[in-house]
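In each ligand, atom 1 is the first atom listed, and ligand 1 is the first ligand listed. Any value given below was found using the heavy atoms of this structure, including those in side chains, with hydrogens, waters and symmetry copies removed.
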Amino acid sequence: MKHLIDPMDLTRQETDEIISLAEDIIAHPERYQGSMSHRKLATLFYEPSTRTRLSFTSAMMELGGNVLGFSDARSSSVSKGETVQDTVRVVGCFAEVIAMRHYIEGAQLYASEVSPVPIINAGDGSHSHPTQTLTDLLTIKRELGRIDNITIGFCGDLRFGRTVHSLIKALTRYDNVKVVLIAPDELRLPDYIKQDVCEKMGVEYKEVETMEEVMPELDVLYMTRVQKERFLDEDEFDRVKDSFVLDCRRMALAKPGMAVLHPLPRVNEILTEVDSDPRAAYFRQVENGKFVREALIVKLHEWKNDPSHSMPDHEQPVLDPTLHCSNQKCICNTEHAPYKFRKSDNGTYRCWYCDSKIR
Ligand code: NCD
């Protein structure tokens, strides 16, 4: 069975199949209208969401299916102390596919270990957000006509922005992608993405401190919100919250064909004066999210009983009782998932569930 927990759970070919299907759904929506009739999607959202949850709901409705679930875990048995594994075992009796968002990192991976139906990760803490990645890839393709041969700048909260982490991972599969990281010191991209993703996969990246110096070279500018809810220290948040703001003056430095993406919600990092610029693609991106989620639901259903579309053969986890994950927001410290690790090429260990480096 295929789950989508991390963008790398899909091969490049599977990713391209989903994107092509989304394009076909855009061109011929009537062909897909009944394809999920009498089937149900459960949306289990343990963390606030507008776009992602409604986009899954709308996608399933477009396909003729039904949706059940919760958007506030306090109203479910979670408030009685039920684990995510038990919850998906139960919900798997009522729905054919589950989309789950959780503030705990690794929650969906842990849930997928026992789930009787495909699990879609709709965001886990500051770790991953693979369906936003599919949305972003489709948007880049539609705006630029290609995903290969691009220079993409990521701006803002690269430390906690799970959409950034997942998109960089997925882009390593494409040819000649150059990554520019634009962030203050406090919000720099985590080392595991730089080392285990960019360096390992040979993706060229550079870190810069101003937008101005790189604007003219970008094909895509990926803006992000500074994620207040992930900061443990309010003063640190106040110091960086207005770090990088996109306005018309900065847009004037960019290529005429550049596309501005943002997973939304925005706070103040893109001034509304930019919205009328034809290069502002972020509201088109929202709509693409619905189409790509339709395509994903159709494909996961199609692949469910096809052994040629199972989960990738991850390396064997290392089980060493002397190692512990110190990330307090990881599932192994909140629900006692077993401590499991993967060994990186450079000999360091990372948590199986949240990718934190183990000291
Ligand atoms: C993002 C998320 O939830 O990670 N939004 C989204 O899914 N559209 C980004 C954010 O919350 O800033």
- Query: With no hydrogens and no angle check, is any side-chain donor or acceptor of Lys206 less than 3.5 Å from a backbone partner on Lys178?
  - Reply: no
Using distance only, find each side-chain donor-acceptor pair of residues 185-193 under 3.5 Å and give its atom names and separation, not counting sequence neighbours.
unit_1	atom_1	unit_2	atom_2	d
Asp185	OD1	Arg188	NH1	2.8
Glu186	OE2	Arg239	NE	3.4
Arg188	NE	Glu207	OE2	3.4
Arg188	NH2	Glu207	OE1	3.0

- Query: Between Phe45 and Arg101, is there a cation-pi geometry (under 6.0 Å to ring centre, at most 45° from the normal)?
  - Reply: no
- Between Glu96 and His301, is there a donor-acceptor pair closer than 3.5 Å when you use the side chain of the first and the backbone of the second? no
Ligand 1 N/O to protein N/O, distances under 3.5 Å:
unit_1	atom_1	unit_2	atom_2	d
ligand 1	3 (O)	Arg101	NH1	3.4
ligand 1	3 (O)	Arg101	NH2	3.2
ligand 1	3 (O)	Arg162	NH2	2.9
ligand 1	4 (O)	Arg162	NE	2.7
ligand 1	4 (O)	Arg162	NH2	3.4
ligand 1	5 (N)	Leu264	O	2.8
ligand 1	7 (O)	Thr52	OG1	3.1
ligand 1	7 (O)	Arg101	NH2	3.2
ligand 1	7 (O)	His129	NE2	2.7
ligand 1	8 (N)	Gln132	OE1	3.4
ligand 1	8 (N)	Pro263	O	2.9
ligand 1	8 (N)	Leu264	O	3.1
ligand 1	11 (O)	Arg225	NH2	2.9
ligand 1	12 (O)	Arg225	NE	2.8
ligand 1	12 (O)	Arg225	NH2	3.2
ligand 1	12 (O)	Gln227	NE2	3.1

- So which heavy atom on Leu109 is nearest to which on Trp352, and how close? CD2-O, 3.5 Å
- Can Tyr174 and Leu137 be said to form a side-chain contact (heavy atoms from CB on, under 4.5 Å), step by step? CA-CA 11 Å; Tyr174 293 83; Leu137 293 174; 4.1 Å; yes
